[in-house]
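Structure record follows, encoded as structure tokens.
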Amino acid sequence: MTTVEQSPAPAATRGPWGLSWHGVRTVAALELRQRVRSTRWLIALAVYFVVLGALTLMLFGAVSSLMGYDDDGGSSSRGPTLFSAVTFLVLGLGLLVTPTLTSTAVNGDRNAGTLATLQVTLLTPAEIALGKLLAAWVASCAFLVVSVPFLALATGAGPTPWRSLLFVVLLIAALLVAVCGIGLGLSALVSRTAGSTVLTFVSVAALAFLSLILFGLTYPSVTATETARVYTTPPDWDGSTIGDVACETREEVRDVAHTERTWWLLAINPFVIVADGAGTSPAASEATIADGDVLAGIRYVVRDARDGANAVVNECWIDDTGREQEVLSTAPVWPWGLAGNLLLGAAGYVVAVRRLTVPQRKLARGTRVA
């Protein structure tokens, strides 16, 4: 008895959103083979390793000279600072490298005349877009894998838990796939490769820097004079005695910033996402933050901004234990920010699929079809 192997259904039958692992793998394999055969990509990977290694060694030397060692010869404050610095360095370099991997994925192939060859096959637009997205993400993760030894070196320099290394790597990988999706959508939307590359870098800069600037600019507009809960000294205290004075919580008129309305501007920032999800040390209050732990400090500031006017204003300067009473919500912020970034990446993927669908009703002037 002979068996007849059925060929895949035509793309027109499955529709533009039809997906199969065979189609996605085919496109991804083609993209990765082109990158591996290109010596420029391998040279870029080697240069990235050397630059990151040099910067990491410089950070180790700078932090060691500025902070030194503890009285007992340990490095309880130096280690968290090194881990925070290397983490932000790896994330920053990843955000610089990744846009170049997808910002020309579609319009570059269209200008080279190779995109039409894929479009006339049985591959659907969704398979072509997802294959290109997967290949770009794998390539960007190669740079992340190269960074792991330096992150491990920073983790071993102090009391930072090793689970933080795993959390940081996973969060950065998730952010990179979001950036890949944004670049893929812009490469399909803009006909010129230079334009799509610039727009991808602008989008990444908006997430990393413009969000912080907008939060600062909107701070005066969300600030109002109203009654707030203040943890402070008694009103009849004259300042002559300190040991017998106990702070109390009462309501007073203060300038209150309702940052619970604008905290999401901080939550979508990639650096805030990684800092909040790293889990280096508890940040429920200022007293629980380890010395030198920049990531936990950022986590505390963001969660304090999310609580906004609901938090108690601490003005008890005579008793450090009063800071422990200002306990913030322990609910994480990073899932909201990561979801926002992934939604932007998903939107870019949807745009790419729609632009890859043929026939198009209207093409940009000068667009090459085949």
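Being a predicted model, the structure only gives us computed values, none of them experimental. Positions are given from 1, in the same order as the sequence printed here.
Leu338 and Phe88 fall within the same hydrophobic cluster, defined by Ile, Leu, Val, Met, Phe, Trp and Tyr side-chain heavy atoms under 4.5 Å apart, directly or through other members. Leu207 and Val204 are not part of a single hydrophobic cluster, where members link through side-chain heavy atoms under 4.5 Å apart. The hydrophobic cluster containing Leu96 does not contain Val145, counting ILVMFWY residues as joined when their side-chain heavy atoms lie under 4.5 angstrom apart, directly or transitively. Both Val177 and Leu144 belong to a common hydrophobic cluster when Ile, Leu, Val, Met, Phe, Trp and Tyr are linked at side-chain heavy-atom distances under 4.5 angstrom. Under the 4.5 Å side-chain contact rule for hydrophobic residues, Trp137 and Leu343 do not share a cluster.
Other residues, nucleotides and ligands place no more than 12 heavy atoms under 6.0 Å from the CZ atom of Arg192. Arg250 CZ: more than 12 foreign heavy atoms inside a 6.0 Å radius.
Counting only distance, with no hydrogens or angles, the side chain of Ser20 and the backbone of Gly23 share a donor-acceptor pair below 3.5 Å. Side chain of Thr114 to main chain of Arg110: no donor-acceptor pair is present (N/O by atom type, distance under 3.5 Å, no hydrogens or angles). Side-chain atoms of Asn107 come within 3.5 Å of backbone atoms of Val190 as a donor-acceptor pair (strictly under, hydrogens ignored). In this structure, the side chain of Thr223 does not engage the main chain of Ala257 through any donor-acceptor pair within 3.5 Å.
The shortest side-chain heavy-atom distance between Leu153 and Phe60 falls under the 4.5 Å cut-off. Counting heavy atoms from C-beta on, the side chains of Arg303 and Pro332 come closer than 4.5 Å. Under the 4.5 Å side-chain criterion, counting only non-hydrogen atoms from C-beta, Val230 is not in contact with Thr249. Considering only heavy atoms from C-beta on, Leu59 stays 4.5 Å or farther from Leu55 through its side chain. Considering only heavy atoms from C-beta on, Tyr48 stays 4.5 Å or farther from Ile43 through its side chain. Residues Arg299 and Val333 have side chains not in contact (no heavy-atom distance under 4.5 Å, counting atoms from C-beta outward). Contact annotation: the side chain of Phe271 never approaches that of Thr87 to less than 4.5 Å [non-hydrogen atoms, C-beta and beyond]. Counting heavy atoms from C-beta on, the side chains of Leu133 and Leu130 come closer than 4.5 Å.
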Q) Given Leu212 and Leu266, is the side-chain contact (heavy atoms from CB on, under 4.5 Å) satisfied, shown in steps? A) CA-CA 6 Å; Leu212 300 178; Leu266 298 177; 3.6 Å; yes
Q.
Applying salt bridge (Lys or Arg N to Asp or Glu O under 4.0 Å) to Arg229 and Glu251, what does each step give before you reach the verdict?
A. CA-CA 5 Å; Arg229 300 187 328 175; Glu251 293 184 351; over 6 Å; no
Q: Check the pair Val86 / Val90 against side-chain contact (heavy atoms from CB on, under 4.5 Å), numbers first and verdict last.
A: CA-CA 6 Å; Val86 175; Val90 171; 4.2 Å; yes
Q | Step-by-step side-chain contact (heavy atoms from CB on, under 4.5 Å) determination, Trp263 to Asp307 | A | CA-CA 9 Å; Trp263 69 273; Asp307 290 350; over 6 Å; no
Q: Assess whether side-chain contact (heavy atoms from CB on, under 4.5 Å) is satisfied between Asp255 and Glu226, documenting all intermediate values.
A: CA-CA 6 Å; Asp255 288 336; Glu226 57 187 48; over 6 Å; no
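In terms of heavy-atom proximity, Thr200 sits nearest to Gly183 at OG1-CA, 3.6 Å. Heavy-atom minimum distance, Ser187 versus Ser196: CA-CB, 3.8 Å. Across Glu127 and Gly18, no two heavy atoms sit closer than the pair CG-O, 3.5 Å. Shown here for Pro80 and Pro159, the closest heavy-atom pair between the two residues is CD-CD, 3.9 Å. In plain terms, the two heavy atoms of Arg306 and Glu260 that are nearest each other are O-CB, 3.2 Å. Residue Ser191 comes nearest to Asn111 through the heavy atom pair O-ND2, 3.7 Å, listed as atom of the first residue, atom of the second, then distance.
Going from atom OG1 of Thr193 over to atom CG of Asp109 covers 11.5 Å, rounded to the nearest 0.5 Å. Taken from CD1 in Ile182 to CG in Leu186, the straight-line distance is 7.5 Å, to the nearest 0.5 Å. Here the OG-CG distance, from Ser84 to Leu295, works out to 3.5 Å after rounding to the nearest 0.5 Å. Ile128 CD1 to Thr26 OG1: the interatomic distance, rounded to the nearest 0.5 Å, is 11.0 Å. From Arg354, atom CZ reaches atom CG of Leu189 across 11.5 Å, with rounding to the nearest 0.5 Å. In this structure, CG on Leu265 lies 11.5 Å from CD1 on Ile213, to the nearest 0.5 angstrom.
With Val179 as the partner, the side chain to side chain contact (heavy atoms under 4.5 Å, CB included) test is satisfied by one option alone out of Leu344, Val97, Thr102, Leu95: Leu95.
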I'd like a table of donor-acceptor pairs (distance under 3.5 Å, sequence neighbours excluded) in which one partner is a side-chain atom from residues 161-176, with atom names and distances.
from, atom 1, to, atom 2, distance (Å)
Ser164, OG, Ala278, O, 3.1
Ser164, OG, Gly279, O, 3.3

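Between Phe150 and Phe49, the ring-plane angle classifies as tilted under the 30° and 60° cut-offs.
Among residue pairs with one or both ends in residues 185-224, none qualify as ring-ring contact (aromatic ring centres under 6.0 Å, His included); sequence neighbours excluded.
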